[in-house]
Amino acid sequence: MIASQSKKKFSDKILEWHRHHGRYDLPWQKNKDPYLVWISEIMLQQTQVGTVIPFYIKFIDRFRTIVDLAEASEDEVMAYWSGLGFYSRARNLHKTAKIIAVQFSCKFPDSYENLIQLPGIGKSTAGAILSFCYKKKFAILDGNVKRVLSRFFGIQESINLTKTEKHLWDISEQLLPDNDIDIYTQAIMDFGATLCTPKKPQCDSCPINQTCIAKKNNLTGTIPLKNKTKTQADRSTEFYIYECNKQILLVKNRTGVWNGLWLPPQQNSLSKKYIIHKQGERQCVFSHYRLKYKYFLIKITNKKDLMVDGLWFDWKEISDLGLPAPIKSLMINLSN
DNA sequence: CATACGTGGTT
DNA sequence: TAACCAAGTAT
């Protein structure tokens, strides 16, 4: 339990800091339309602000309302998400738009119970939407808040543990101010993102440095503690880029990473003799493993030589398709 | 509870 | 170069 006076001090100081040092000109801060806030929150999950901005601008320009999104094809939604990563976010975004269109008559839900059941909206995203759009007193617990709170309270247990996570949620909820909840939610994220940073936090100009346990004990370099996940074995695959009549064959991937995106076939199904025009080897690094792949550019004269369940696309269509970032980059290279 | 799920930037 | 990090959620 945190004493009510300490609570007020904490939120007051974060709010006061935000007045002078907060971020005010991000593209999703122009209004409190829950649809737009939702899009930004999903895009920002595990993704840096600078990466999100151009994707957000293009996305909301194409899908201006929940109806635009609900009526779009999954393929087009994936194309707009192409390069942003964590593609289940895009698939869930599309699912949720349809659910809101049908079950909520296009009106964005404003209760925790309704929000939390929507695909892709978890506790923190629900809290962000409720506080930003409806000024309801709900907490968030993103990476920024975890770092700020674990340092301020000197929490030296790993933040990966369920117990610690629960503790942090508890603190985050207790610290909420009675007023200006929407500003406070933005303020504590800005605070974590720009002052209480992972590396080299600016403790000298921190408004709560007098009572920060990590600062007091010189532990800002070690808090928050994280369990490191064990490194996984590399994986390998091959991509066969078949060209015929200035078109290339792609198949819709339905498993694992890149689920929902287009990929070149990963096995060679040509029975006749063929010529490899270009080939090479690359790798891409994921959160949990490294993928090494060989690629082969093979030109054929008859599409019927390939019995593959895919579609043929013009080279110039590649940049507008839902392809993984490294594969799109490879293909654009090969088209030159 | 641990793991799957991307990508690009920084150290 | 490898490791770490970024507005988490689903299973």
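Letters A, B, ... are given to chains in the order of the sequence lines, protein chains preceding strands, and every chain is numbered from 1.
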Salt bridge (Lys or Arg N to Asp or Glu O under 4.0 Å) filter on A/Glu317, not counting sequence neighbours, yields none
Pairing residues for A/Val67 by the side chain to side chain contact (heavy atoms under 4.5 Å, CB included) criterion, not counting sequence neighbours
A/Thr65, A/Glu71, A/Cys106
With sequence neighbours left out, what residues match A/Ala128 under side chain to side chain contact (heavy atoms under 4.5 Å, CB included)?
A/Glu41, A/Phe132, A/Ile140
Note, A/His18 side chain near A/Ile183 side chain (heavy atom, < 4.5 Å)
yes
Quick check: do A/Tyr35 and A/Ser40 have side-chain heavy atoms less than 4.5 Å from each other?
no
Judged by each residue's nearest nucleotide on DNA chain C, which is more toward the 5′ side, A/Gly120 or A/Trp28?
A/Trp28
Where each residue is assigned the nucleotide of DNA chain C containing its nearest heavy atom, which of A/Asp142 and A/Leu118 is assigned the position nearer the 5′ end?
A/Asp142
Whole angstroms only, please: what is the [atom1]-[atom2] distance between [X] and [N]?
X        : N      : atom1 : atom2 : result
A/Asn227 : C/dC4  : CG    : P     : 12 Å
A/Asn259 : C/dT11 : CG    : C1'   : 14 Å
A/Leu225 : C/dC5  : CG    : P     : 11 Å
A/Ile223 : C/dC5  : CD1   : P     : 14 Å
A/Ile159 : C/dC5  : CD1   : C1'   : 11 Å
A/Arg147 : C/dG8  : CZ    : C1'   : 14 Å
A/Lys123 : C/dA10 : NZ    : C1'   : 16 Å
A/Ile116 : C/dG8  : CD1   : P     : 14 Å

Among residues 322-333 of chain A, which ones have heavy-atom contacts with DNA chain C below 4.0 Å?
none
Nearest-angstrom distance, P atom, B/dT3 to C/dC4
16 Å
Expressed in whole Å, how much space separates the P atoms belonging to C/dT11 and B/dG6?
14 Å
Establish, from distance only, whether the side-chain atoms of A/Gln186 and A/Asp182 form a donor-acceptor pair under 3.5 Å.
no
Any side-chain donor near an acceptor of the partner, A/Asn160 and A/Ser158, under 3.5 Å:
yes
For a quick check of understanding: with a heavy-atom distance under 4.0 Å over all strands, which category does [X] fall into, base, sugar-phosphate or nothing?
X        : result
A/Ser40  : nothing
A/Leu93  : nothing
A/Gly256 : sugar-phosphate
A/Arg23  : base
A/Glu165 : nothing

Contact nearer the 5' end of DNA chain B, comparing A/Asn160 with A/His288:
A/Asn160
5'-most contact on DNA chain B (nearest-nucleotide basis), A/Leu161 vs A/Arg89, goes to A/Leu161
Give me the other members of the hydrophobic cluster that A/Trp312 sits in, counting Ile, Leu, Val, Met, Phe, Trp and Tyr linked by side-chain heavy atoms under 4.5 Å, directly or via other members.
A/Tyr240, A/Tyr242, A/Leu249, A/Val251, A/Leu270, A/Tyr274, A/Ile276, A/Phe296, A/Ile298, A/Ile300, A/Leu306, A/Val308
Pairwise side-chain hydrogen bond (donor to acceptor under 3.5 Å, both in side chains) hits with a residue in residues 320-335 of chain A, at least two apart:
A/Ser82-A/Lys328
With a strict under 4.0 Å distance from non-hydrogen atoms of chain A, what nucleotide opens and what nucleotide closes the contacted stretch of DNA chain B, reading 5' to 3'?
B/dC1 to B/dG8
Given A/Tyr80, which of A/Tyr87, A/Tyr56, A/Phe63 fulfils the ring pair (Phe, Tyr, Trp, His ring centres under 6.0 Å) condition?
A/Phe63
Can you give me every donor-acceptor pair (side chain of residues 107-122 of chain A, partner residue at least two apart or in another chain, under 3.5 Å) with its distance?
residue: A/Ser111; atom: OG; partner: A/Asn114; partner atom: N; Å: 3.2
residue: A/Ser111; atom: OG; partner: A/Asn114; partner atom: ND2; Å: 3.2

Contacts of A/Trp315 that satisfy side-chain hydrogen bond (donor to acceptor under 3.5 Å, both in side chains) - sequence neighbours left out
A/Glu243
Set out, in order, the CA-CA distance, both residues' side-chain angles and the distance that settles side-chain hydrogen bond (donor to acceptor under 3.5 Å, both in side chains) for A/Lys98 and A/Gln103, then state yes or no.
CA-CA 8 Å; A/Lys98 290 182 167 189; A/Gln103 295 181 22; over 6 Å; no
Salt bridge or not between A/Asp178 and A/Lys137? Use side-chain N to carboxylate O under 4.0 Å.
yes
Acceptor/donor pairs from residues 196-211 of chain A side chains to any protein atom, 3.5 angstrom cut, sequence neighbours excluded:
residue: A/Thr197; atom: OG1; partner: A/Lys199; partner atom: O; Å: 2.9
residue: A/Thr197; atom: OG1; partner: A/Lys200; partner atom: O; Å: 3.4
residue: A/Gln202; atom: NE2; partner: A/Thr194; partner atom: O; Å: 3.0
residue: A/Ser205; atom: OG; partner: A/Gln202; partner atom: O; Å: 3.4
residue: A/Asn209; atom: ND2; partner: A/Cys203; partner atom: O; Å: 2.9
residue: A/Asn209; atom: ND2; partner: A/Cys206; partner atom: O; Å: 3.2

Strand-adjacent residues in residues 78-88 of chain A, judged by heavy atoms under 4.0 Å from DNA chain B
A/Gly83, A/Leu84, A/Gly85, A/Phe86, A/Tyr87
Does anything in residues 41-57 of chain A reach DNA chain B, meaning a heavy atom under 4.0 Å, and if so which residues?
A/Gln46, A/Thr47, A/Gln48
